[in-house]
Number of protein chains: 2
Amino acid sequence: MPEKDSFDLQQFLPYLLNQAAERSSLEFQQVYKDRYGMLRTEWRVLFHLGLYGKMTAGGIGQSAKMHKTKISRAVHRLADRRFLTRARDEADRRVEHLELTAQGRKAYAELREIAMEYDAALTAQLTPEENAVLRGALRKLARISA
Amino acid sequence: MPEKDSFDLQQFLPYLLNQAAERSSLEFQQVYKDRYGMLRTEWRVLFHLGLYGKMTAGGIGQSAKMHKTKISRAVHRLADRRFLTRARDEADRRVEHLELTAQGRKAYAELREIAMEYDAALTAQLTPEENAVLRGALRKLARISA
DNA sequence: ATGTAATAGTTGTTTTTGTAACTAACAAGG
DNA sequence: CCTTGTTAGTTACAAAAACAACTATTACAT
């Protein structure tokens with residue numbers, strides 16, 4: 001494939017980011033998909049609840065930068081499968097507090113283990129310097145504060 | 001948001017990659033979407049043809065790691081809008097050679113300009129070291145050779 | 001009070017994607 | 001030649017995502 005002009009697609013950051021993100025997402029997706037028939041939206045909700053405890057749909061949306069309709073549907077599916085419970089806030093009856101059930105926590109614990117192993121496998125492909133710089137740079141680009 | 005266990009979602013590489021990729025894709029997408037009503041699959045095809053000249057659908061698929069059905073549909077839409085022409089290979093009548101029209105090349109040139117500016121804006125958010133290491137690491141993770 | 005706006009979340013409809021099955025053309029062994 | 005297998009690309013159908021319009025509730029200014 002001869003290059004014809006000065007632009008290099010393989011160095012174009014959005015393109016590179018997508019290639020890397022797609023590859024790693026797809027590989028990790030196999031786990032929660034095969035194991036629990038879960039979608040990416042669903043594991044994201046599950047992980048937020050598993051990690052931070054009780055949250056509202058809106059809170060998850062802010063943190064995960066997911067649209068509220070995606071969350072609404074993911075919450076529905078997770079509730080159907082008894083992975084979480086929903087409780088209306090009595091002070092403000094618009095908001096719902098979501099919380100994992102025992103079953104949900106079990107799934108989370110299991111997936112978290114696998115996530116950590118998978119992350120370690122990715123990490124192992126890079127040098128320590130690359131790992132540190134990579135994560136920092138990604139956070140800047142994603143504008144994640146903490 | 002108090003942390004409850006040792007796992008850190010904000011450091012989990014597939015998650016970080018997705019956040020960064022989504023953000024940058026979305027921003028750049030506005031350009032080709034607003035300007036040409038183009039989808040991401042379409043600009044990828046356009047960029048490949050603009051950059052490498054005549055290619056087949058299969059060749060683009062290999063390089064962009066896109067499924068052939070996505071390419072097939074993107075090529076259709078681009079052909080409908082007269083951005084590219086399709087020519088059967090006479091030696092092997094299964095393959096089609098795709099090539100940008102004048103109009104396609106014009107769109108490519110314009111989008112390439114914007115892509116370079118956008119890449120420069122992203123690059124400016126990072127230190128030179130971060131830029132070098134980031135791109136290298138992403139290529140490793142995406143398993144892009146060259 | 002009461003009309004207007006804002007917020008939390010849901011639902012409906014349209015696009016886009018994923019998956020699998022398909023057609024057409026070639027290749028290679030008997 | 002014919003069967004069997006492979007490859008390029010398309011099409012059909014199902015799953016998921018995007019987008020807009022909606023309900024219910026609260027906030028807030030008159």
Side-chain angles (χ1 to χ4, degrees), chain A residues 18-19 21-23 25-30 32-34 36-45 48-49 54-81 84-99, chain B residues 18-19 21-23 25-30 32-34 36-45 48-49 54-81 84-99:
Chain A
N18 264 292
Q19 296 283 342
E22 223 163 275
R23 168 144 225 136
S25 277
L26 242 61
E27 285 181 1
F28 183 55
Q29 183 183 38
Q30 284 316 108
Y32 51 79
K33 195 179 165 195
D34 293 352
Y36 293 105
M38 235 178 242
L39 302 174
R40 189 159 57 180
T41 51
E42 288 160 50
W43 90 249
R44 281 196 183 177
V45 168
H48 271 84
L49 293 174
K54 200 181 283 192
M55 287 182 87
T56 68
I60 297 172
Q62 255 191 302
S63 169
K65 294 186 192 68
M66 274 168 69
H67 192 77
K68 59 186 182 173
T69 62
K70 273 201 215 172
I71 294 174
S72 174
R73 285 176 165 128
V75 166
H76 265 283
R77 282 185 293 245
L78 289 171
D80 285 350
R81 292 182 210 166
L84 60 78
T85 55
R86 350 173 72 176
R88 281 249 163 261
D89 182 309
E90 282 311 318
D92 183 344
R93 303 181 35 71
R94 288 169 305 182
V95 339
E96 254 184 356
H97 298 285
L98 307 170
E99 198 168 15
Chain B
N18 264 292
Q19 297 283 340
E22 223 164 275
R23 169 144 223 134
S25 276
L26 242 62
E27 286 180 1
F28 182 56
Q29 182 183 39
Q30 284 317 105
Y32 52 79
K33 196 180 164 194
D34 294 351
Y36 294 104
M38 236 177 242
L39 302 174
R40 191 159 54 180
T41 50
E42 288 160 52
W43 89 250
R44 281 195 184 178
V45 168
H48 271 84
L49 292 174
K54 200 181 284 190
M55 286 183 88
T56 68
I60 297 172
Q62 255 192 300
S63 169
K65 292 185 193 69
M66 277 168 67
H67 192 78
K68 58 186 182 172
T69 61
K70 273 202 211 170
I71 295 175
S72 174
R73 291 194 255 245
V75 166
H76 265 283
R77 284 184 292 244
L78 289 171
D80 285 349
R81 293 182 209 165
L84 60 78
T85 55
R86 350 174 70 173
R88 281 247 165 262
D89 182 309
E90 281 312 317
D92 183 344
R93 303 180 37 69
R94 287 170 305 182
V95 338
E96 256 184 356
H97 297 285
L98 308 170
E99 197 167 14

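Every chain is numbered from 1, with letters handed out A, B, ... down the list of sequences.
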Measure [atom1]/[X] against [atom2]/[N] and give the value in whole Å, please.
X: B:Lys33; N: D:dA18; atom1: NZ; atom2: P; result: 10 Å
X: A:Glu90; N: D:dT25; atom1: CD; atom2: P; result: 11 Å
X: B:Arg94; N: D:dT6; atom1: CZ; atom2: P; result: 13 Å
X: A:Asp92; N: D:dA27; atom1: CG; atom2: C1'; result: 10 Å
X: A:Glu96; N: D:dT23; atom1: CD; atom2: P; result: 19 Å
X: A:Arg93; N: D:dT25; atom1: CZ; atom2: C1'; result: 9 Å

>> For a 4.0 angstrom threshold against heavy atoms of chain B, report the outermost contacting nucleotides of DNA chain C in 5' to 3' order.
In response: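 Both ends considered, the range comes out as C:dT16 to C:dC26.
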> Is a side-chain donor or acceptor of A:Arg88 paired with a backbone partner of A:Arg93 at a separation under 3.5 angstrom?
Replying inline: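 Confirmed, A:Arg88 side chain pairs with A:Arg93 backbone.
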> Under 3.5 Å, is there a donor-acceptor pair between the side chain of A:Ser25 and the main chain of A:Ala21?
Replying inline: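 Here the side-chain-to-backbone pair exists.
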>> For DNA chain D, which residues of residues 65-74 of chain B approach it to below 4.0 angstrom with any heavy atom?
In response: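 Under 4.0 Å from DNA chain D: B:Lys68, B:Thr69, B:Ser72, B:Arg73.
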> Residues in side chain to side chain contact (heavy atoms under 4.5 Å, CB included) with B:Gln29, at least two apart?
Replying inline: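 In terms of side chain to side chain contact (heavy atoms under 4.5 Å, CB included), with neighbours along the sequence ignored, B:Gln29 is linked to B:Leu26, B:Tyr32, B:Lys33.
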>> Before you tell me yes or no, could you show the steps for A:Phe28 and A:Trp43 under ring pair (Phe, Tyr, Trp, His ring centres under 6.0 Å), namely the whole-Å CA-CA distance, both residues' side-chain angles and the distance that decides it to 0.1 Å?
In response: CA-CA 11 Å; A:Phe28 183 55; A:Trp43 90 249; 5.4 Å; yes
>> Between B:Arg86 and D:dT10, is there a contact of a side-chain N or O with OP1 or OP2 at under 4.0 Å?
In response: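 Result: yes.
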>> Among residues at least two apart in sequence or on other chains, which ones pass salt bridge (Lys or Arg N to Asp or Glu O under 4.0 Å) with A:Glu27?
In response: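 Listed in chain order: A:Arg23, B:Arg143.
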> Taking only residues two or more places apart in sequence, or in another chain, which ones meet A:Gln19 in a side chain to side chain donor-acceptor pair (under 3.5 Å)?
Replying inline: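 Only A:Tyr15 meet the side chain to side chain donor-acceptor pair (under 3.5 Å) criterion with A:Gln19.
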> Could you give all pairs that pass the side chain to side chain donor-acceptor pair (under 3.5 Å) test and reach residues 69-78 of chain B, with sequence neighbours left out?
Replying inline: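 Pairs touching residues 69-78 of chain B that pass the test: B:Glu42-B:Arg77.
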> How far apart are the C-alpha atoms of B:Met66 and B:Thr41, what are their side-chain angles, what is the distance that settles it, and do they pass the side-chain contact (heavy atoms from CB on, under 4.5 Å) test?
Replying inline: CA-CA 8 Å; B:Met66 277 168 67; B:Thr41 50; 3.7 Å; yes
